[in-house]
Amino acid sequence: MSDQRKPFPFADFEPKWQQYWDQNDTFHTANPGEDDFDASKPKYFILDMFPYPSGAGLHVGHPEGYTATDILGRYKRMNNHNVLHPMGWDAFGLPAEQYAIKTGQHPRITTEANIENFRRQLKSLGFGYDWNREVNTTDPNYVRWTQWIFLQLYNSYFNEETQKAAPVSELEAKGWTREQIDDVRLAFIHEAPVNWSPDLGTVLANEEIEEWKSKGHTVERRPLRQWMLRITKYADRLINELDDLDWPESIKLLQKNWIGKSTGAEVIFDLQGHDVTVFTTRPDTLFGATYMVLAPEHPLVAEITSEDQKNAVDAYIQGCASKSDLERGDLNKDKSGIFTGATATNPVNGEQIPVWIADYVMMGYGTGAIMAVPAHDSRDFEFATKFDLPVLQVVQPNDDSDWHGFTGNGKSVNSGFLDGMKTKDAKKAIIRWLVDNNKGTFKINFKLRDWLFSRQRYWGEPFPIIWEDGNHHSVPESELPVLQPEMDDFKPTGSPEGPLAKATDWINYTETARRETNTMPQWAGSCWYYMRYCDPNNTDRFISKEAEAYWSSASSNTEPNSVGMVDLYVGGTEHAVLHLLYARFWHKVLYDLGHVSTIEPFQKLVNQGLILGEDGAKMSKSLGNVVNPDDVVEEYGADSLRLYEMFMGPLEQVKPWQMKGVEGVSRFLARVWRLAFEQNQEGEWVLSSKLTDDKPTDKALLKVLHETIKKVSDDIEKMSFNTAISQMMVCTNAFTQAEKLPALLLRDLLKCLNPFAPHITEEIHQQVGDAFPSAQCSKSRILADRTWPSFNEAFLVEDEVEIVVQVNGKLRGKITVAKDAPKDEIESLAQQDTNVLQHTEGKTIRKIIVVPGRLVNIVAN
RNA sequence: GCCGGUGUGGCGGAAUUGGUAGACGCGCGUGAUUCAAAAUCACGUUUCCUCGGAAGUGCGGGUUCGAUUCCCGCCGCCGGUACCA
């Protein structure tokens with residue numbers, strides 16, 4: 001006996017079973033074509049967001065999602081599925097590189113050590129991963145295919161007619177020039193202001209700025225030559241194809257808002273001889289445009305500014321530039337701006353309107369210029385009020401609300417030929433007018449920008465690109481992977497070339513050709529890792545056609561209009577827009593090019609809620625409220641940790657950690673243990689004398705067991721793990737109180753509990769099976785390989801049911817009747833109840849409502 | 001500001017989608033066991049009171065025989081977002 005103080009000897013059997021699963025490859029899943037592949041079983045592809053192996057190791061948030069998927073994976077296995085449930089490492093990333101810069105140690109070494117630790121921790125929690133399929137984004141054989149996918153993007157363009165990616169070789173065949181082709185590639189070179197962080201020595205994607213700023217780094221705008229990915233071409237599909245996904249609506253909405261589609265029109269104004277195009281979602285309000293605003297960075301500003309306004313305008317622009325570094329709009333609610341001295345002509349009515357400059361108009365969206373309709377736009381209204389500009393009503397609200405600042409739909413007024421039209425019709429009419437008069441056109445705009453894809457880092461995938469005579473071309477596929485050169489100095493150069501530029505031998509590809517020295521962002525590897533799991537060791541393709549076809553096939557219980565490859569994806573909300581949007585984009589490109597057979601990567605998405613510290617605050621080192629899974633395993637065992645994380649509350653919900661709660665589920669597991677074992681005088685665990693080899697006959701026990709089988713099955717499907725556990729507690733309490741417990745009953749409870757607490761259930765199953773072979777707990781087959789129990793409806797029904805009697809909706813009594821008692825019998829019985837009689841005395845019974853099997857409500861007054 | 005989520009005992013949370021509010025667990029209380037403690041087991045535990053009831057799911061209305069659940073109007077907390085024309 002090991003530790004007398006532990007309520008059950010988990011420290012003895014947990015490592016034992018982990019070793020068993022490892023050595024027997026219990027959770028290995030065969031691929032089509034392999035000997036042990038069973039094509040008759042449906043597939044179930046279940047995916048965790050793979051971790052970045054940080055030096056800090058696992059935190060309790062990781063096992064939350066991982067336990068949920070493990071339960072589902074084990075459950076599906078027991079329900080005759082080929083379950084693909086793998087794990088891997090998103091191992092490129094800044095911390096390893098920054099550590100390398102500080103110490104000179106190669107990032108690969110740190111990364112390997114961290115992975116080692118993560119793997120140990122995950123194994124100590126007994127997750128049923130197929131470790132043969134482990135992927136590592138930094139592995140040369142993985143990098144190779146990341147670069148290969150990049151080349152698919154590089155060698156493709158977006159065909160507007162088919163709305164699909166297609167090879168640029170099509171364009172070559174049509175006689176397009178190199179320059180023309182380079183302009184349409186999905187991966188392209190672009191010189192534009194980007195977000196450059198001087199202290200990180202790299203550029204960042206728009207999406208990343210906030211994260212790094214919050215960590216105290218500075219970010220500034222700087223024009224640089226960068227690799228971009230043309231994700232904007234997929235904006236419409238990225239919105240529309242969300243429809244068939246089984247994702248939380250809030251996440252779909254988040255993505256839609258991020259993509260930010262707005263429908264409207266472009267209108268051309270004459271600005272002193274220049275055509276200035278503005279974008280508006282409300283072309284119907286064109287008659288109400290009383291001034292125009294240009295962004296401070298607008299290229300026409302210098303030219304159109306009048307002599308007497310020049311100093312003021314310059315000063316204003318200067319002011320904007322200096323504060324652009326700070327949070328330009330963050331808490332700056334006050335509008336600012338300056339008159340240019342110029343006027344523009346409103347094309348629809350010839351009105352001369354003043355042209356202003358203001359930083360509430362941004363160069364990066366639309367055209368960097370707006371027509372201001374202060375009467376029906378809150379920002380324009382605020383601006384016009386402050387600078388005393390005219391406000392002209394052009395929309396009449398349908399109700400009698402105030403038209404000042406009214407932004408809804410109504411009827412056009414003061415708008416010439418639009419007068420009297422509904423907003424919707426007025427939009428159509430004015431667009432027709434604009435088109436007919438060459439003054440504008442229908443237009444859709446997106447907030448989504450093209451994806452800035454290059455970074456100035458060492459620890460990332462190099463681009464498989466060569467520069468020669470100012471042109472770029474790809475390296476031959478046979479040269480993949482292109483790996484970083486070995487270096488000792490990983491410091492950023494501070495220049496946009498990045499640290500790879502210091503590897504002088506490496507960058508010289510030939511006498512005249514140089515390698516691209518930028519590397520890819522960390523998102524690259526995580527964009528397609530789920531595919532690689534399907535065929536992780538393939539050296540000929542990123543995934544074999546057979547593996548792709550099988551793991552993309554319909555699962556037994558997915559929706560008929562299922563469009564995603566992975567059946568279930570579980571992870572945190574922090575990836576709601578970035579990772580999930582990028583991965584969908586890559587997947588669609590690969591679909592267009594015929595490399596994958598589904599249009600979406602992830603059919604169902606579930607976000608697990610954050611686990612807060614015991615104090616209700618977010619776990620953080622500085623608050624000292626971080627819970628280390630290793631400590632919990634040491635103290636209570638892996639099963640207790642797993643079970644507690646699932647028992648805390650609904651998976652999706654944010655919830656605080658309570659060590660007392662871990663103790664509670666640990667006590668529950670101890671009770672399960674004591675169903676099978678009792679301690680003798682020496683303190684050794686021996687088989688419980690309560691266990692029998694009898695055929696189960698006790699109706700009450702059969703009922704609670706079968707209720708449990710039913711509820712646990714349903715709840716696992718619904719991912720309502722906390723209620724499943726609570727039902728197993730009810731069952732265990734009933735079993736504990738029984739005089740005798742047939743081993744057969746215990747076995748089925750163990751099966752239900754196995755996906756949640758795999759170690760203890762296997763251990764009990766094995767030991768009890770040795771003693772009671774008749775309970776079919778044979779030693780040769782472990783629980784994980786057995787089939788999930790099915791419940792028998794016959795055990796659930798009761799002959800008699802308790803019915804609640806209410807008088808005027810208030811509980812007054814309870815009666816017990818036969819389960820199929822007729823309505824009138826229930827009614828009369830209910831009225832005879834003494835307490836009911838007391839409450840109906842002296843009153844007239846108006847109505848009696850009988851809900852069969854539930855209640856009777858007597859309405860009396 | 002806008003968008004989304006959420007609000008139930010001392011605490012984490014249940015409630016068959018309109019039908020006994022508080023399952024299960026924590027904590028607490030009482031008892032058994034023990035020389036004693038821990039562990040374990042049994043019972044109790046929404047609140048108030050005159051022990052018969054009364055009130056009660058953020059607040060105020062409504063629909064209904066009946067509302068945590070549906071409708072209208074507020075309030076609080078959490079998350080996302082930030083002048084996107």
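Throughout, a chain's letter reflects where its sequence line sits, starting with A, and its residues are numbered from 1.
For B/rC41, the OP1/OP2 oxygens have a side-chain nitrogen or oxygen of A/Arg674 closer than 4.0 Å. Residue A/Asn733 has a polar side-chain atom (N or O) positioned under 4.0 Å from OP1 or OP2 of B/rG25. For B/rA14, the OP1/OP2 oxygens have a side-chain nitrogen or oxygen of A/Asn722 closer than 4.0 Å. For B/rU64, the OP1/OP2 oxygens have no side-chain nitrogen or oxygen of A/Asn857 closer than 4.0 Å. Between A/Gln806 and the phosphate of B/rG19, there is no side-chain N or O to OP1/OP2 separation shorter than 4.0 Å. The side chain of A/Arg812 contributes no N or O atom lying less than 4.0 Å from OP1 or OP2 of B/rG53. Contact check, A/Arg667 against B/rC24: no side-chain N or O comes under 4.0 Å of OP1 or OP2. Distances shown here put a side-chain N or O of A/Lys847 below 4.0 Å from the OP1 or OP2 atom of B/rC65. For A/Ser262 and B/rA85, the shortest distance from a side-chain N or O to OP1 or OP2 is below 4.0 Å. Side-chain N/O atoms of A/Gln737 include one lying less than 4.0 angstrom from OP1 or OP2 on B/rA42.
The pair A/Glu707-A/Lys710 does not count as a salt bridge, with every side-chain nitrogen at least 4.0 angstrom from each carboxylate oxygen. At a threshold of 4.0 Å, the pair A/Asp715-A/Lys718 counts as salt-bridged, since one of the basic side-chain nitrogens sits closer than that to a carboxylate oxygen.
If you check every strand for non-hydrogen atoms under 4.0 Å, A/Ile370 touches a base. At a threshold of 4.0 angstrom between heavy atoms, the contacts of A/Val851 include nucleobase atoms, whether or not backbone atoms are also involved. Among the heavy atoms of the strands lying under 4.0 Å from A/Asn835 are primed sugar atoms or P, OP1, OP2 only; no base atom is included. Residue A/Val859 is classed as a sugar-phosphate contact, given heavy-atom separations below 4.0 Å to backbone atoms only.
Classification of the A/Phe677-A/Trp673 ring pair by plane angle, with boundaries at 30° and 60°, yields tilted. Ring-plane geometry between A/Trp403 and A/His376 is classed as tilted, the angle between the planes lying from 30 to 60 degrees on a 0 to 90 degree scale.
Comparing the same atom, P, in B/rG29 and in B/rU46 gives a spacing of 16 Å after rounding to whole Å. Distance noted for atom C1' between B/rA54 and B/rG18: 25 Å (whole Å). B/rC11 and B/rU20 have their P atoms separated by 24 Å, given to the nearest Å. A gap of 15 Å separates the P atoms of B/rG79 and B/rG13, to the nearest Å. For the P atoms, the distance from B/rG76 to B/rU64 is 32 Å, rounded to whole Å. With C1' as the reference atom, B/rG56 and B/rC48 are 11 Å apart, rounded to whole Å. Comparing B/rU50 with B/rG1, their P atoms sit 48 Å apart, to the nearest whole Å. Only the C1' atoms considered, B/rA14 is 15 Å distant from B/rC26, to the nearest whole Å.
Centroid-to-centroid, the aromatic rings of A/Phe791 and A/Phe795 stay 6.0 Å apart or farther. Not less than 6.0 angstrom separates the ring centroid of A/Tyr636 from the ring centroid of A/Tyr644.
Under 3.5 Å, the side chains of A/Gln727 and A/Thr708 contain a donor-acceptor pair of N or O atoms. A/Ser262 and A/Asn445 are not linked by any side-chain donor-acceptor pair at a separation below 3.5 angstrom, with hydrogens and angles left out of the test.
A syn base is found at B/rG9: its glycosidic angle is within 90° of 0.
One atom, CD of A/Gln653, and another, P of B/rU6, lie 9 Å apart when rounded to the nearest Å. Rounded to an integer number of Å, the gap from A/Glu574 CD to B/rU81 P is 12 Å. When the P atom of B/rU81 is taken as reference, atom CD1 of A/Ile259 falls 15 Å away, rounded to whole Å. For the pair A/Ile815 CD1 and B/rG19 P, the interatomic distance rounds to 19 Å; values are reported in whole Å. With rounding to whole Å, A/Arg671 atom CZ is found 13 Å from B/rA39 atom C1'. As rounded to whole Å, 19 Å separates atom P of B/rG19 from atom NZ of A/Lys810. Rounded to a whole Å, the CG atom of A/Leu811 is 13 Å from the C1' atom of B/rG53. Between the CG atom of A/Leu643 and the P atom of B/rC24 there is a distance of 16 Å, given to the nearest Å.
With a 6.0 Å cutoff to the six-membered ring centre and a 45° limit on the axis angle, A/Lys335 does not count as a cation-pi contact of A/Phe383.
Looking at the side chain of A/Ile849, the nearest of the listed nucleotides B/rC65, B/rG80, B/rG53 is B/rC65. Comparing B/rC83, B/rG19, B/rC24 by their closest approach to the side chain of A/Met362 singles out B/rC83. When distances are taken from the side chain of A/Glu663 to each of B/rA85, B/rG27, B/rU20, the shortest belongs to B/rG27. For A/Met729, the listed nucleotide lying nearest its side chain is B/rG25; candidates were B/rA23, B/rC3, B/rG25. Comparing B/rC26, B/rA85, B/rA14 against the side chain of A/Pro650 picks out B/rA14 as the nearest. Distance from the side chain of A/Asp359 is smallest for B/rC83 among the nucleotides B/rG19, B/rG12, B/rC83.
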- Query: Using Watson-Crick and G-U wobble pairs whose two distances are both under 3.5 Å, how do you write the pairing of RNA chain B as dot-bracket, with | for links to another strand?
  - Reply: (((((((..(((......[....)))((((((.......))))))(((....)))..(((((..]....))))))))))))....
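For A/Lys814 and A/Gly664, each mapped to the nucleotide of RNA chain B holding its nearest heavy atom, the one lying further toward the 5' end belongs to A/Lys814. Mapping A/Lys447 and A/Glu802 onto RNA chain B by nearest heavy atom places A/Glu802 closer to the 5' end of the strand.
A/Lys335 contributes a side-chain N or O that forms a donor-acceptor pair with the base of B/rC83 under 3.5 Å.
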- Task: Evaluate side-chain contact (heavy atoms from CB on, under 4.5 Å) for A/Leu245 paired with A/Leu605, printing each intermediate quantity in order.
- Result: CA-CA 8 Å; A/Leu245 296 183; A/Leu605 175 72; over 6 Å; no
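In terms of heavy atoms, A/Ala369 sits closest to A/Val276 at CB-CG1, 4.0 Å.
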